Amino acid sequence: EPQIMFDSHEGAPDSYINVNYLCGVQSGVLSNWMFTPSVSLQNGDVISFYSRTKENPTEFADRLELRIGQGTTPTAPNGSNDVGGYTILALTINPNLTPSAYPATWTQYSYIVSGIPTLSPCKIAFRYFVNNGGSGNAAINSDLIGIDTFSVSRTTLGTKDFFASNFSIQPNPVADVLKLTSRNG
C-alpha cells in the first residue's frame with residue numbers, strides 16, 4: 001500500500017492519490033490505472049491536475065500518462081502494455097524514464113482537448129506506466145508519485161466567437177436580405 005510521503009497540493013494533508021513501486025510486479029512493467037467516471041468532453045476543454053514525487057527523488061524513474069477513452073464504457077486495458085479503448089494519449093510526464101526527472105514539488109499539468117469535435121461522453125485515465133519497475137532486485141525504475149487537484153473546465157465563448165462557431169451569414173456583406181443558418185443543422 002502506498003504511503004503518504006508529502007502534504008497534498010490542496011485540502012487536507014493526505015487528500016491526494018498516490019502510487020508507488022509496490023503496486024504490481026516484483027520486476028517488470030508496472031501499468032496501474034485510475035479512471036474517472038464518464039464526463040462530457042469536446043475540443044477546447046481543459047483537463048488540469050498537479051503531480052509530484054518525493055522531495056529528494058531517488059535514482060529511480062517514474063512516468064505518468066494522461067489518457068482519454070471515448071464513450072461511456074471504453075474497452076478496459078488487457079495486459080501491462082495494452083491501453084484498451086484509452087487511445088488518446090493526452091500527455092506524458094517523464095516519457096523517457098529519466099532518473100530524478102519527475103518533479104519533486106507539486107507541478108501543474110494541463111491538456112487542451114482536441115480530436116473530439118462535438119460534446120461526447122469520455123472517461124479520463126491516469127496510467128502509472130514504468131518499465132523495469134517493481135520491488136524486486138532487478139527493478140531499476142519506479143518510486144512514488146502523487147496526483148492532486150484534478151479538474152475539467154470548458155471555456156465560455158464570447159459573443160463574436162459564439163456566432164462564428166454556430167452560424168453563417170449569407171451574403172456577406174449584406175445588401176437587403178440576410179440569411180442566417182445554424183452550423184449545427
Side-chain angles (χ1 to χ4, degrees), residues 1-10 14-36 39 41-71 74-116 122-153:
E1 168 137 344
Q3 299 175 344
I4 302 302
M5 301 299 289
F6 38 79
D7 285 347
S8 67
H9 171 259
E10 204 171 270
D14 63 352
S15 65
Y16 64 94
I17 62 165
N18 68 17
V19 63
N20 70 12
Y21 66 97
L22 298 172
C23 68
V25 298
Q26 279 253 300
S27 296
V29 177
L30 297 179
S31 182
N32 285 48
W33 295 77
M34 184 190 77
F35 306 95
T36 67
V39 296
L41 293 176
Q42 67 184 12
N43 289 348
D45 289 349
V46 178
I47 300 169
S48 178
F49 66 96
Y50 286 77
S51 189
R52 68 167 290 179
T53 189
K54 299 186 287 187
E55 289 180 13
N56 298 309
T58 65
E59 70 277 7
F60 302 110
D62 287 307
R63 173 173 49 206
L64 180 68
E65 294 179 344
L66 178 70
R67 291 186 163 273
I68 300 172
Q70 292 183 275
T75 306
N78 184 16
S80 59
N81 287 308
D82 185 47
V83 297
Y86 293 83
T87 56
I88 299 173
L89 177 58
L91 63 83
T92 305
I93 303 172
N94 196 16
N96 298 321
L97 285 170
T98 304
S100 300
Y102 209 92
T105 59
W106 286 112
T107 303
Q108 184 176 23
Y109 294 89
S110 296
Y111 171 71
I112 299 172
V113 174
S114 64
I116 306 174
C122 297
K123 285 192 174 185
I124 300 167
F126 291 95
R127 181 187 188 200
Y128 183 62
F129 180 49
V130 183
N131 299 325
N132 298 317
S135 59
N137 291 337
I140 60 170
N141 290 318
S142 69
D143 194 7
L144 173 128
I145 63 163
I147 301 169
D148 199 2
T149 319
F150 169 79
S151 67
V152 177
S153 59

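This one's a predicted model, so the numbers in the text were calculated from it and none came from an experiment.
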Taking G85's backbone N and O only, do any of them form a donor-acceptor pair with T75's side chain (distance below 3.5 Å, no angle check)? no
Can you confirm whether V130 sits close enough to F60 that some side-chain heavy atom of one is under 4.5 Å from a side-chain heavy atom of the other? no
Considering all heavy atoms of both residues, which atom of S15 and which atom of S8 are nearest to each other, and what is their separation? OG-OG, 3.6 Å
Check K54 against A104 and note the closest heavy-atom contact, atom names and distance. O-CB, 3.2 Å
Please name the pair of heavy atoms, one in G69 and one in Y86, separated by the smallest distance, quoted to 0.1 Å. N-CD2, 3.4 Å
Would Y50 and Y16 count as a close aromatic pair, with their ring centres under 6.0 Å? no
Can you measure from CZ (R127) to CG (N32) and round to the nearest 0.5 angstrom? 10.0 Å
For the atom pair CG (L64) and OH (Y102), what is the distance rounded to the nearest 0.5 Å? 4.0 Å
Taking atom CZ of F150 and atom CE of M34, what is their separation to the nearest 0.5 Å? 7.0 Å
Atom CG in D148, atom CD in Q108: separation rounded to 0.5 Å? 11.5 Å
Shortest non-hydrogen contact between A101 and N94, atoms and distance: CB-OD1, 3.7 Å
I'd like to know if the side chain of N43 reaches the main chain of G115, judged simply by a donor and an acceptor atom lying under 3.5 Å from each other, with no hydrogens or angles considered. yes
Please round to the nearest 0.5 Å and tell me the distance separating atom OG1 of T36 and atom CD1 of I47. 8.0 Å
Pair Y128, S142: side-chain N/O donor-acceptor within cut-off below 3.5 Å: no
Could you measure the distance from the CD atom of Q70 to the CD1 atom of I88? Nearest 0.5 Å is fine. 4.0 Å
So, for S135 and L22, which heavy atoms are closest and what is the spacing to 0.1 Å? CB-CD2, 3.7 Å
Does some side-chain heavy atom of N141 sit less than 4.5 Å from a side-chain heavy atom of R63? no
Please examine the side chains of I147 and Y109, heavy atoms only from C-beta on, and report whether any two atoms are closer than 4.5 Å. no
Does a side-chain heavy-atom distance below 4.5 Å link I93 with P103? yes
Does the side chain of F126 come within less than 4.5 Å of I145's, by heavy atoms? no
Are the side chain of T53 and the backbone of L144 linked by a donor-acceptor contact shorter than 3.5 Å? yes
Minimum-distance pair of heavy atoms, taken over all atoms of W106 and G146: CZ3-O, 3.7 Å
Should V83 and W33 count as side-chain neighbours, where that means a heavy-atom distance under 4.5 Å? yes
So with a 6.0 Å cut-off around OH of Y21, is the heavy-atom count from everything else above 12? no
Within 6.0 Å of CD1 in I112, more than 12 heavy atoms from elsewhere: no
